[in-house]
Amino acid sequence: MKRSDKSDRKTRHSLRYYVSCYFVILTVIIIVLLWVFQYFFLARYYRSARIRAISNVGNILVESYRQGEIEAGMKRAAFDNGMCIVVTDSKGSLISGENNLGSFSYFMQDMFKTTGYYMHQLREELNSSGKEELTKIKKNDSLKSEEIIYCRSFTDGSTVLYLYIEASVEPVDSTVSIIREQLVYITIIIAELAFIITLFISKRLSDPIVNLTSKAKKFADGDFDVKFEEGGYKEITELSQVLDKAEDEIGKVNKLRTDLIANISHDLRTPLTMVKAYAEMIRDLSGDDPVKRGEHIGIIIDEADRLSNLVNNILELSKLESGNMELHWQEFSVHDKIHDILTRYTLLIEEQGYDIAFEPDEDRTVCADPDKLDQVIYNFINNAINYSGEQKRIRIRQINREECTRIEVEDNGKGISKELLPKVFDRYYRGEKVKRDIVGTGLGLSICKEILKRHSFAFGVQSEEGKGSTFWFEIPVTKSKTDKPNSGKNKE
Ligand code: ADP
């Protein structure tokens with residue numbers, strides 16, 4: 001089965017549908033619980049509540065008997081609760097009694113018998129059960145109702161006494177029918193309310209998502225100008241912010257991609273056009289003139305070099321950026337490294353009058369990838385040469401600090417404006433009026449940046465228009481070869 005079929009099946013219904021379903025289920029559960037408890041369990045609950053209340057009255061009466069206030073207590077309890085209350089001794093002789101149930105009470109009927117037959121039976125049952133109190137439900141045919149019979153034994157210090165309470169369980173049928181009628185109304189009201197709330201909540205939950213989805217669709221179709229609106233609730237606000245950020249990033253990447261293609265194609269086209277033009281010139285005009293032909297071939301070779309330089313730089317940068325470039329950490333002397341680089345410029349110094357000099361500090365052994373660092377210093381010096389203008393003065397400086405060794409390449413050329421300064425390390429950035437005779441791809445400094453970033457070395461540039469620029473980086477002082485620095489900061 002295709003993935004899309006599967007996900008279609010999983011997401012067949014909308015959020016509104018699910019919210020509505022869950023609300024319907026919740027409402028049904030509430031209504032069912034209400035009916036079960038109010039309708040079916042009401043009588044049972046009422047009876048057990050009545051038993052608890054009678055047992056409570058029993059406790060109070062025993063207490064008041066012990067305090068000699070049984071008469072008043074019995075009167076009030078019998079009147080308030082509609083009970084018949086009797087206290088006898090262990091033989092069944094009446095000690096005290098109060099009846100609020102009428103002559104059909106079991107205990108009242110018993111009192112007229114000589115032996116107190118029913119109460120006798122209760123005493124026997126209580127004694128044989130070994131408990132302190134006994135509760136029974138009994139149907140009173142004369143009263144046509146159910147009654148709760150309660151019996152408990154207690155002592156007043158020396159003699160054992162018995163307390164009997166008889167109370168009718170009010171028929172709850174009428175109450176139940178009232179409640180049932182009410183429940184019908186409550187059910188209708190709950191259902192209607194639930195319906196309205198469901199509509200409201202599901203709309204409130206789903207609207208921002210629907211809105212966000214329609215915008216995300218536009219975004220997915222390549223419109224990077226959609227603004228994801230915040231609102232609704234916290235999660236949507238957060239999601240909108242994340243999408244906005246993603247949109248920004250993807251927009252940037254997209255711009256970079258188009259810029260990159262435009263830059264590369266432009267940079268490739270120019271030398272190619274030159275190669276083609278000069279090759280045609282050799283074919284049509286200068287083929288037989290060895291001097292001109294040599295000159296034209298020289299230009300073709302220069303342009304081919306420019307092309308291969310560009311392609312190499314692009315490859316190198318992409319390797320660095322993808323993290324595929326491994327650093328070969330080694331210890332080496334700063335003096336040796338810089339002197340070694342400077343030997344490459346002897347011809348330039350002698351023939352073109354460049355004043356390139358190294359201002360060393362005390363020599364130090366540093367740890368880095370020497371070849372990569374070589375590339376960085378070489379690039380800084382080449383740029384200084386390219387942009388030093390008439391001054392032709394370049395200084396390579398070593399400054400030893402407690403925590404690092406700083407290498408600076410300074411020129412007194414045209415400098416870089418404040419606005420352009422933050423961009424010089426960007427890919428394909430080339431100064432606006434860079435002359436074509438300055439061989440460059442706009443990738444040199446971004447390669448330096450990637451190399452220094454991989455080393456975690458701090459680096460940057462200081463420049464003032466008209467006065468010159470100083471490109472620098474700092475190699476942290478390390479205690480051992482394995483102790484590679486990793487906390488450098490870019491201070492472009
Ligand atoms: P390029 O191949 O153009 O030199 P880089 O990445 O090395 O590419 O440099 C990017 C841009 O930074 C250059 O085009 C130039 O405008 C500017 N730049 C670099 N070094 C210097 C410098 N020493 N003085 C003035 N501008 C410089």
Side-chain angles (χ1 to χ4, degrees), residues 256 259-260 262-271 274 302-321 338 341-342 344-345 348 352 354-359 372-397 406-454 459-473 490-492:
L256 205 72
D259 285 359
L260 211 71
N263 278 325
I264 293 178
S265 40
H266 173 263
D267 278 11
L268 289 176
R269 207 171 40 227
T270 321
M274 301 275 275
D302 277 355
E303 292 302 321
D305 282 346
R306 201 191 286 271
L307 268 176
S308 81
N309 197 12
L310 175 69
V311 173
N312 285 343
N313 277 347
I314 293 171
L315 281 177
E316 172 136 25
L317 189 62
S318 80
K319 255 193 198 172
L320 275 166
E321 285 184 341
I338 293 177
I341 295 172
L342 284 183
R344 296 179 218 166
Y345 294 97
L348 210 69
Q352 294 188 22
Y354 276 94
D355 170 15
I356 305 175
F358 176 37
E359 291 177 4
K372 294 275 164 277
L373 229 55
D374 195 289
Q375 213 176 333
V376 172
I377 301 170
Y378 189 62
N379 227 307
F380 283 178
I381 299 177
N382 278 352
N383 276 348
I385 292 171
N386 284 337
Y387 305 106
S388 67
E390 296 306 306
Q391 296 282 329
K392 293 191 171 180
R393 182 182 177 278
I394 290 136
R395 289 289 170 271
I396 297 110
R397 210 165 284 126
R406 184 180 168 100
I407 308 291
E408 290 183 354
V409 177
E410 182 198 86
D411 66 68
N412 298 112
K414 62 186 185 90
I416 307 162
S417 68
K418 266 202 186 106
E419 305 83 67
L420 301 181
L421 204 59
K423 293 188 191 162
V424 286
F425 283 97
D426 287 355
R427 248 185 268 135
Y428 281 108
Y429 172 75
R430 297 201 77 198
E432 278 162 24
K433 288 165 200 145
V434 174
K435 283 189 245 150
R436 187 159 163 74
D437 58 334
I438 295 177
V439 179
T441 56
L443 292 175
L445 285 180
S446 36
I447 292 174
C448 294
K449 171 175 153 182
E450 286 305 319
I451 291 175
L452 294 168
K453 262 168 70 180
R454 287 293 307 274
F459 64 94
V461 55
Q462 286 144 5
S463 186
E464 209 177 310
E465 241 180 327
K467 287 197 173 165
S469 320
T470 304
F471 282 82
W472 61 267
F473 64 90
N490 175 3
K491 294 178 190 160
E492 285 163 54

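By convention here, the first residue in the shown sequence is residue 1. Atoms within each ligand, like the ligands themselves, are counted from 1 in listed order. All values below come from the heavy atoms of this structure, side chains included, with hydrogens, waters and symmetry mates left out.
You'll find the side chain of Val376 stays beyond 4.5 Å of the side chain of Phe471, heavy atoms only.
Side-chain N or O atoms of Ser388 include none that pairs as donor or acceptor with a backbone N or O of Asn412 at under 3.5 Å.
Ligand 1 lies out of reach of Gly413, whose nearest heavy atom is not under 4.0 Å from it.
By the criterion of a heavy-atom distance under 4.0 Å, the side chain of Ile416, and not its backbone, is placed next to ligand 1. Only the side chain of Phe471 comes within 4.0 Å of ligand 1, counting heavy atoms alone; its backbone N, CA, C and O stay farther away.
Annotation: Ser446 places no N or O atom under 3.5 Å from an N or O atom of ligand 1; distance criterion only.
Nearest to atom 18 (N) of ligand 1 by heavy atom, out of Phe380, Tyr387, Phe425, is Tyr387. Here the shortest heavy-atom distance to atom 23 (N) of ligand 1, taken over Ile394, Val461, Asp411, Val424, belongs to Asp411.
Here the CG atom belonging to Asp305 is positioned 10.5 Å from the CG atom belonging to Asn312, to the nearest 0.5 angstrom.
Ring-plane geometry between Phe425 and Phe380 is classed as perpendicular, the angle between the planes exceeding 60 degrees on a 0 to 90 degree scale with a lower cut at 30.
Remark: Arg395 does not engage Glu410 in a salt bridge, criterion side-chain N to carboxylate O under 4.0 Å.
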